[in-house]
Every structure is written in C-alpha cells, then in structure tokens.
Amino acid sequence: FTFGNMDEDGPVLTVFIVAVVVRKENKFLCVQETARHYLRWFLPAGRARKGESLEQAALREVKEEAGIDVHLDGVVRFEHSPFPGFSRFRVIYLASPVDPGAALKTTPDAESERAEWLTIDEFRRKDLRDPDIVDLFESVAAGRPIYPLDILVPENKPYAFYEGGSATKPSGGGWLQSLKNSFAKG
C-alpha cells in the first residue's frame, strides 16, 4: 500500500498524545512527574501506544500516573502542532473518577512521583511543567464546551446520526428533518 507521490519528503511522522483533565467537584487531578521531567506538576498525559486507541491511551495514562480509574466524559479539544520532521496531534479529554473516594498514587515509579487532587489556586502554586494548564483548568471550570466522545471514531465506522452522545439511526428524513421538527416543536 502506498500513499502515492505526496511530496519529495514523503509522509510526515505524527505522534499521537492524550491529556486528561480529571475533575472532582472544584478540584483537578494533578500528577508530579518523574525526574525526567524535573519533578514538575502536570495533568495525566502521554503517547498512544501501537495498536491502542486514543481513548484506551487516556484511560491507561490516568491509571499509570495517578492510580485510579476514570470515565471519559468528552473531548475538550484537538490540537495539531507541526514541527520540522514530525507533527504532534493531541486530544485533551475531560474525565471523572469512577470511584471519587479511590486512593491516589503515593508511591513513585517510572510513570510519576505521585498524584493529588488540587484546586486551581493550589495547582498554580506548584512548579508547573506547563503554566498553560492553569488556563485549561480555568476554562473547564468556567463551563467551556465539551464535545461528545463520538466526535472521534475509528475509520470505517458507520456514519450514523448522533443524538445526545449516542449513535442512532435517523428517523423519517434524517438530520435535516429532525432539525425542522425541533424548530416546529419550539
């Protein structure tokens, strides 16, 4: 299988990254990274592995770095950053803990030093890997739009009509008729 003559340089290597904003009431899940990242604070994040979906990568990263299971609630945004020689595609998910009372990781390992539930102000006072994460937390706390998980699906999935975050078959006239019906009811 070939992509044809894309250009002289060929296809661009793309690294797929996930980051997960986990919220519990007015606190966010934060992890202290290992010495490789200078023991700075961040949110659970990392690269997707070969054969792993981005959702699977997000769940795994939270478990490895914070020690808890989460439920993915939606997508905060997609980011694409081209660099010389490669590009990075990052999906930022919003999640909530499966068990809000679950104990967070406290024993350092290769993934992280520890995890804590922090308010935005508490997080701001830490030594941060990326200060922009404060803005991300603030935008989520302020009610920024969160997109349904089915905005990102594997190739060859049916192009179903999406309603309320779940795939359904359109009834009588498809999406345009559904839109017209919603205006007629209102």
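Two different hydrophobic clusters hold Ile68 and Leu94 under the rule that ILVMFWY side chains link at heavy-atom gaps under 4.5 Å. Put simply, Val21 and Phe123 are part of the same group of oily side chains (I, L, V, M, F, W, Y) that touch within less than 4.5 Å, one to the next. Cluster annotation: Val22 and Leu149 are assigned to the same hydrophobic cluster (Ile/Leu/Val/Met/Phe/Trp/Tyr, side-chain heavy-atom contacts under 4.5 Å, transitive).
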Next on the checklist: side chain to side chain contact (heavy atoms under 4.5 Å, CB included), that's the test. Do Leu152 and Phe78 meet it? Break it down for me.
Outcome noted: CA-CA 10 Å; Leu152 180 63; Phe78 302 102; 4.0 Å; yes
Next on the checklist: Between Glu52 and Lys50, does the salt bridge (charged side-chain N to carboxylate O under 4.0 Å, His left out) criterion hold? Intermediate values first, please.
Outcome noted: CA-CA 6 Å; Glu52 184 177 54; Lys50 185 185 279 188; over 6 Å; no
Item to check | Residue pair Ile92, Val75: steps toward the side chain to side chain contact (heavy atoms under 4.5 Å, CB included) verdict | outcome: CA-CA 6 Å; Ile92 302 174; Val75 175; over 6 Å; no
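In this view, Lys27 satisfies the salt bridge (charged side-chain N to carboxylate O under 4.0 Å, His left out) rule with no residue, not counting sequence neighbours. With sequence neighbours excluded, no residue forms a salt bridge (charged side-chain N to carboxylate O under 4.0 Å, His left out) with Lys24. Under the side-chain hydrogen bond (donor to acceptor under 3.5 Å, both in side chains) criterion, Arg90 pairs with Glu79, not counting sequence neighbours. Residues passing the side-chain contact (heavy atoms from CB on, under 4.5 Å) test with Phe16 are Thr14, Ala48, Leu54, Phe89, sequence neighbours excluded. For Ile120, the side-chain contact (heavy atoms from CB on, under 4.5 Å) partners at least two apart in sequence or on another chain are Phe28, Arg124, Val134, Phe137, Glu138, Ala141. Partners of Tyr147 under the ring-ring contact (aromatic ring centres under 6.0 Å, His included) rule, at least two apart in sequence or in another chain, do not exist in this structure. When the salt bridge (charged side-chain N to carboxylate O under 4.0 Å, His left out) test is applied to Asp69, the partners found at least two apart in sequence or on another chain are Lys63.
Side chains of Leu59 and Val70 form a contact here, defined as non-hydrogen atoms less than 4.5 Å apart. With contacts defined as side-chain heavy-atom distances shorter than 4.5 Å, the pair Arg49/Gln56 does not qualify. Here the side chains of Leu29 and Val62 are in contact, with some heavy-atom distance below 4.5 Å. Within the 4.5 Å cutoff, no side-chain heavy atoms of Ile133 are placed close to those of Leu128. Side-chain contact between Glu116 and Glu122: absent, with no pair of heavy atoms (C-beta onward) separated by less than 4.5 Å. Side-chain contact between Phe86 and Val15 is present, with at least one heavy-atom pair separated by less than 4.5 Å.
Sorted by first and then second residue, the ring pair (Phe, Tyr, Trp, His ring centres under 6.0 Å) pairs with a member in residues 98-122 form an empty list; sequence neighbours excluded.
Open room surrounds CZ on Arg47; 12 or fewer heavy atoms of other groups in view lie less than 6.0 Å from it.
Contact between Ala58 and Val20 at its shortest, heavy atoms only, is CB-CG2, 3.6 Å. When all heavy atoms of Ala95 and Leu72 are compared, the pair lying nearest together is CB-CD2, 3.9 Å.
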Would you be so kind as to tabulate the donor-acceptor pairs closer than 3.5 Å made by side chains of residues 30-43, with sequence neighbours excluded?
residue	atom	partner	partner atom	Å
Gln32	NE2	Leu39	O	3.1
Glu33	OE1	Arg129	NH1	3.1
Glu33	OE2	Arg129	NH1	2.8

Expected list for residues 96-108: side-chain donor-acceptor pairs under 3.5 angstrom, two or more places apart:
residue	atom	partner	partner atom	Å
Ser96	OG	Asp73	OD1	3.3
Ser96	OG	Asp73	OD2	3.0
Asp99	OD1	Gly101	N	3.0
Lys105	NZ	Glu64	O	3.0
Lys105	NZ	Asp109	OD1	2.5
Lys105	NZ	Asp109	OD2	3.0
Lys105	NZ	Ser112	OG	2.9

